[in-house]
Visitor: 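Quick one: the structure is below, questions incoming.
We count ligands from 1, going down the list as the structure has it; atoms in each ligand are counted the same way. Only a predicted model underlies this, so the values are computations on that prediction, with no experimental measurement involved. Reckoned from all heavy atoms, side chains included, excluding hydrogens, waters and symmetry mates.
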Amino acid sequence: MRVNAYAALAPGADLTLYEYDAGEPGPLEVDVEVTHCGVCHTDLMVIDNDWGAGVPVVAGHEVAGIVRAVGTLVDTGRLAVGQRVVVGGVAGSCMSCQYCVTGRQQLCASRDSTAFRGDRGGFASSVRASDWRFAYPLPEAIELLHAGPLLCGGVTVYAPFIRHSIKPTDHVGIVGIGGLGHLAIQFARAWGCEVTAISSSPDKRNDALELGADHFITTRGTHELAMASGTLDFIISTVSADIPWDDYLAALKPQGTLITVGVPESAMQLSALSLVFSEKRIAGGLVASPGETMQMLDFAARTGVRPQVDVFPMPNINEAIGRVRSGDVRYRAVVAAQ
Ligand code: NAP
Ligand code: ZN
């Protein structure tokens with residue numbers, strides 16, 4: 001199979017056309033024609049070679065599209081050519097290690113991380129999942145246009161609700177209203193929680209409330225975060241920048257948990273006292289297992305959680321990336337095949 005992709009040929013470079021031959025799919029593999037692909041903040045780090053993906057690199061790991069070819073061992077009763085699917089940040093795993101057999105495939109040491117696999121990402125005419133069980137049939141109610149950002153952005157912020165047993169009676173703070181954050185507000189609302197959106201951008205107040213937040217805190221030049229001290233059971237941070245972690249930990253109730261899915265630029269600076277006296281916790285969160293992903297798709301289909309998208313034709317990929325870099329997207333950039 002010939003694939004027309006958009007690759008960075010040097011770290012941080014504009015993407016240029018890049019063709020490769022993927023050959024025929026192996027026994028468990030699935031080829032998906034890309035109709036849409038979301039642009040995640042992680043794609044910028046991949047293009048910039050921050051995490052060592054190397055060059056040439058084809059980023060893109062929020063793929064929505066149509067199955068065009070399946071390997072000989074694919075169960076075509078469950079995944080057939082012509083089906084609408086979505087492929088996210090994990091596109092395969094060994095399915096036999098202790099993490100895979102206990103439904104935590106995102107932790108498999110040999111997982112196929114779509115985001116970091118070099119020149120085989122989703123900013124392309126086609127993408128290959130190395131295991132068909134990571135190409136998820138799309139519920140009828142979800143359009144292809146909206147599907148990509150639900151994987152990875154959506155499922156990354158959905159998974160903490162399951163893993164940390166967040167209850168409808170909990171008060172959840174969502175920090176950073178971007179691609180992940182605007183979906184996290186919607187999921188928290190649909191889960192039944194009281195929701196506080198915490199943002200460095202005062203102009204996002206109305207959007208946050210419309211997305212389902214009960215309260216809005218702006219951190220820039222105000223004391224609003226300090227005034228919320230001791231009010232939150234959980235904080236999910238989606239921020240990609242350095243923030244004063246002690247101030248956020250102070251907003252948690254005793255034994256509250258701060259989950260960071262965002263990846264700040266520097267090491268996290270915080271005082272142990274922020275954790276010790278009130279027995280607070282910090283956890284990380286990584287995208288998601290097939291079980292969590294399927295559950296999230298069903299939940300989103302039923303509750304109406306959808307990304308708000310800025311759509312760009314695929315050939316305008318560099319414009320989309322530029323907008324994500326400057327934080328000028330409301331709230332997820334999606335590139336669409338022509
Ligand atoms: P995004 O759309 O750029 O949103 C990030 C948000 O962070 C911004 O909208 C902004 O929200 C806030 N922010 C940015 N710069 C800031 C600053 N200097 N100070 C305070 N707040 C700032 O990015 P995204 O695609 O949602 O990704 C968010 C993070 O999650 C990234 O670090 C990404 O790499 C990571 N990620 C992790 C996983 C995982 O598996 N753990 C999966 C996907 C993405 P406000 O304007 O509201 O402050
Ligand atoms: Zn991502």
Side-chain angles (χ1 to χ4, degrees), residues 37-48 50-51 53 59-63 86-91 105-107 111 113-117 121-123 148-160 163 173-185 196-209 211 213 216-222 224-225 236-245 247-248 259-266 268 283-289 292-293 296 307-310 320-334:
C37 189
V39 184
C40 177
H41 195 95
T42 306
D43 290 318
L44 309 183
M45 303 169 98
V46 170
I47 290 167
D48 294 347
D50 288 349
W51 293 348
H61 58 274
E62 290 189 343
V63 173
V86 60
V87 179
V90 183
Q105 291 87 343
Q106 77 279 8
L107 302 176
R111 68 185 176 272
S113 289
T114 325
F116 307 116
R117 52 155 60 153
F123 298 150
L150 291 172
L151 272 85
C152 99
V155 78
T156 298
V157 294
Y158 177 83
R163 296 177 193 164
I174 307 297
V175 188
I177 308 174
L180 270 61
H182 91 290
L183 288 164
I185 293 171
T196 294
I198 306 173
S199 173
S200 64
S201 309
D203 60 324
K204 292 182 180 173
R205 174 183 296 273
N206 287 344
D207 288 352
L209 298 177
L211 287 163
F216 179 84
I217 286 176
T218 181
T219 51
R220 194 155 287 169
T222 77
E224 292 176 16
L225 186 58
I236 300 175
S237 174
T238 73
V239 174
S240 52
D242 300 325
I243 54 174
W245 295 100
D247 297 355
Y248 289 83
I259 302 147
T260 183
V261 294
V263 184
E265 285 152 17
S266 320
M268 291 169 77
L286 181 68
V287 288
S289 68
E292 290 164 333
T293 304
M296 179 278 300
Q308 293 187 4
V309 293
D310 269 350
I321 287 170
R323 292 269 298 278
V324 177
R325 278 194 198 280
S326 57
D328 182 24
V329 172
R330 297 289 187 274
Y331 280 92
R332 192 53 132 193
V334 169

Visitor: Give me the nearest non-hydrogen protein atom to atom 29 (C) of ligand 1 as residue plus atom name, then the distance to 0.1 Å.
Guide: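 For atom 29 (C) of ligand 1, the nearest protein heavy atom comes out as T238 O, 3.3 Å.
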Visitor: Closest heavy-atom contact between A59 and D43?
Guide: CB-OD1, 3.6 Å
Visitor: Which value, rounded to the nearest 0.5 Å, describes the distance between R205 atom CZ and T218 atom OG1?
Guide: 7.5 Å
Visitor: Heavy atoms only: which of A184, A115, P244, S200 lies closest to atom 20 (C) of ligand 1?
Guide: S200
Visitor: Measure across F216 and A208 and return the closest heavy-atom pair with its distance rounded to 0.1 Å.
Guide: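 Closest approach of F216 to A208: CD1-CB, 3.6 Å.
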Visitor: So, taking the atom named CD1 in I321 and the one named CZ in F123, what distance separates them when rounded to the nearest 0.5 Å?
Guide: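 Between I321 CD1 and F123 CZ, I get 5.0 Å after rounding to 0.5 Å.
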Visitor: Give a yes/no verdict on whether any heavy atom in G153 is under 4.0 Å from an atom of ligand 1.
Guide: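 It does not, in that no heavy atom of G153 comes within the 4.0 Å cut-off of ligand 1.
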Visitor: Of all the heavy-atom pairs spanning I47 and R325, show the shortest one and how long it is.
Guide: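 Shortest heavy-atom contact: CG2-NH2, 4.0 Å.
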Visitor: L180 to ligand 1: N or O pair under 3.5 Å?
Guide: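 N/O-N/O distance under 3.5 Å: yes.
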Visitor: Consider every N or O of G285 and every N or O of ligand 1, then say whether any pair is closer than 3.5 Å.
Guide: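 By distance alone, the answer is yes.
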Visitor: When rounded to the nearest 0.5 angstrom, what distance separates OG1 in T219 from CD1 in I198?
Guide: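 Going from OG1 on T219 over to CD1 on I198, the span is 8.5 Å.
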Visitor: Return the closest protein heavy atom for atom 40 (O) of ligand 1 as residue, atom name and distance.
Guide: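 Of the protein heavy atoms, V287 N, 3.1 Å lies nearest.
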Visitor: So, applying side-chain contact (heavy atoms from CB on, under 4.5 Å) with S237, which one of I243, V261, I259 is it?
Guide: I243
Visitor: How far apart are the closest heavy atoms of V39 and V324, and which atoms are they?
Guide: CG1-CG2, 3.8 Å
Visitor: Any heavy atom of Q106 closer to ligand 1 than 4.0 angstrom?
Guide: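 The answer is no, since Q106 has no heavy atom less than 4.0 Å from ligand 1.
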Visitor: So, do P264 and V239 sit near enough that their side-chain heavy atoms are less than 4.5 Å apart?
Guide: no
Visitor: Based purely on interatomic distance, does Y331 place a nitrogen or oxygen under 3.5 Å from a nitrogen or oxygen of ligand 1?
Guide: no
Visitor: Write out the residue and atom name of the closest protein heavy atom to atom 14 (C) of ligand 1, then the distance separating them to 0.1 Å.
Guide: S240 OG, 4.0 Å
Visitor: Of the non-hydrogen atoms in E265 and D242, which two are nearest, and what is the gap between them?
Guide: N-OD1, 3.4 Å
Visitor: To the closest 0.5 Å, what do you measure between CG (L151) and SG (C40)?
Guide: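 Spacing of CG (L151) from SG (C40) equals 11.5 Å.
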Visitor: Kindly identify the option in G88, P149, G178 whose heavy atom sits closest to atom 6 (C) of ligand 1.
Guide: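 Nearest option to atom 6 (C) of ligand 1, by heavy atoms: G178.
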Visitor: What protein heavy atom is closest to atom 34 (O) of ligand 1, reported as residue, atom name and distance in Å?
Guide: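 Going by distance alone, atom 34 (O) of ligand 1 is nearest to T42 OG1, 2.8 Å.
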Visitor: Considering only the protein, which heavy-atom contact is closest to atom 47 (O) of ligand 1, and what is its distance?
Guide: S199 OG, 2.6 Å
Visitor: Using a 3.5 Å cut-off on N or O atoms only, is W51 in polar contact with ligand 1?
Guide: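 No, there is no polar N/O contact under 3.5 Å.
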Visitor: Taking only heavy atoms of M45, which atoms of ligand 1 are found under 4.0 Å from at least one of them?
Guide: 34 (O)
Visitor: For the 3.5 Å polar cut-off, considering only N or O atoms, please tell me whether I243 and ligand 1 meet it.
Guide: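 N/O-N/O distance under 3.5 Å: no.
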Visitor: Would you find a donor on one side and an acceptor on the other, under 3.5 Å apart, between the side chain of K204 and the backbone of S199?
Guide: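 Flag not set: sc K204 to bb S199 has no pair under 3.5 Å.
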Visitor: Indicate yes or no: does an N/O atom of G179 lie under 3.5 Å from an N/O atom of ligand 1?
Guide: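 Yes: some nitrogen or oxygen of G179 is under 3.5 Å from one in ligand 1.
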Visitor: Give yes or no for whether the N/O distance cutoff of 3.5 Å, strictly under, is met between V261 and ligand 1.
Guide: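 In this structure, V261 places an N or O atom under 3.5 Å from an N or O of ligand 1.
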Visitor: Relative to the ring of W51, is the ring of F116 parallel (under 30°), tilted (30 to 60°) or perpendicular (over 60°)?
Guide: tilted
Visitor: Return the closest protein heavy atom for atom 27 (O) of ligand 1 as residue, atom name and distance.
Guide: H41 CB, 3.4 Å
Visitor: Flag C40 as yes if one of its N/O/S atoms falls below 2.8 Å of the Zn ion (ligand 2), otherwise no.
Guide: yes
Visitor: Taking all non-hydrogen atoms of both residues, which atom of C37 and which atom of H61 are closest, and how far apart?
Guide: SG-N, 4.0 Å
Visitor: Nearest protein heavy atom to atom 19 (N) of ligand 1, by residue and atom, and its distance?
Guide: A241 CB, 4.0 Å
Visitor: Return the closest protein heavy atom for atom 39 (C) of ligand 1 as residue, atom name and distance.
Guide: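 Answer for atom 39 (C) of ligand 1: T156 CG2, 3.5 Å.
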Visitor: Any idea which atoms of ligand 1 are less than 4.0 Å away from a heavy-atom of G176?
Guide: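 Listed by number with element, the hits are 11 (O), 47 (O).
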Visitor: Under the 3.5 angstrom rule, does the side chain of R111 hit a backbone N or O of Q106 as a donor-acceptor pair?
Guide: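 Yes, because the side chain of R111 sits within donor-acceptor range (under 3.5 Å) of the backbone of Q106.
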Visitor: I need the atoms of ligand 1 closer than 4.0 Å to a non-hydrogen atom of R332, numbered in the order shown.
Guide: 24 (P), 25 (O)
Visitor: I need the atoms of ligand 1 closer than 4.0 Å to a non-hydrogen atom of V239, numbered in the order shown.
Guide: 7 (O), 21 (N), 22 (C)
Visitor: Whether R220 and D203 form a salt bridge (side-chain N of Lys/Arg under 4.0 Å from carboxylate O of Asp/Glu) is what I want to check.
Guide: no
Visitor: Got an N/O contact under 3.5 Å between I177 and ligand 1?
Guide: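 Yes; at least one N/O pair falls below 3.5 Å.
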Visitor: May I ask you to check whether K204 has an N/O atom sitting below 3.5 Å from an N/O atom of ligand 1?
Guide: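 Between K204 and ligand 1 (N or O atoms, distance only) the closest approach is under 3.5 Å.
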Visitor: Please indicate whether any nitrogen or oxygen in C152 is less than 3.5 Å from any nitrogen or oxygen in ligand 1.
Guide: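 It does not: no N or O of C152 is found under 3.5 Å from an N or O of ligand 1.
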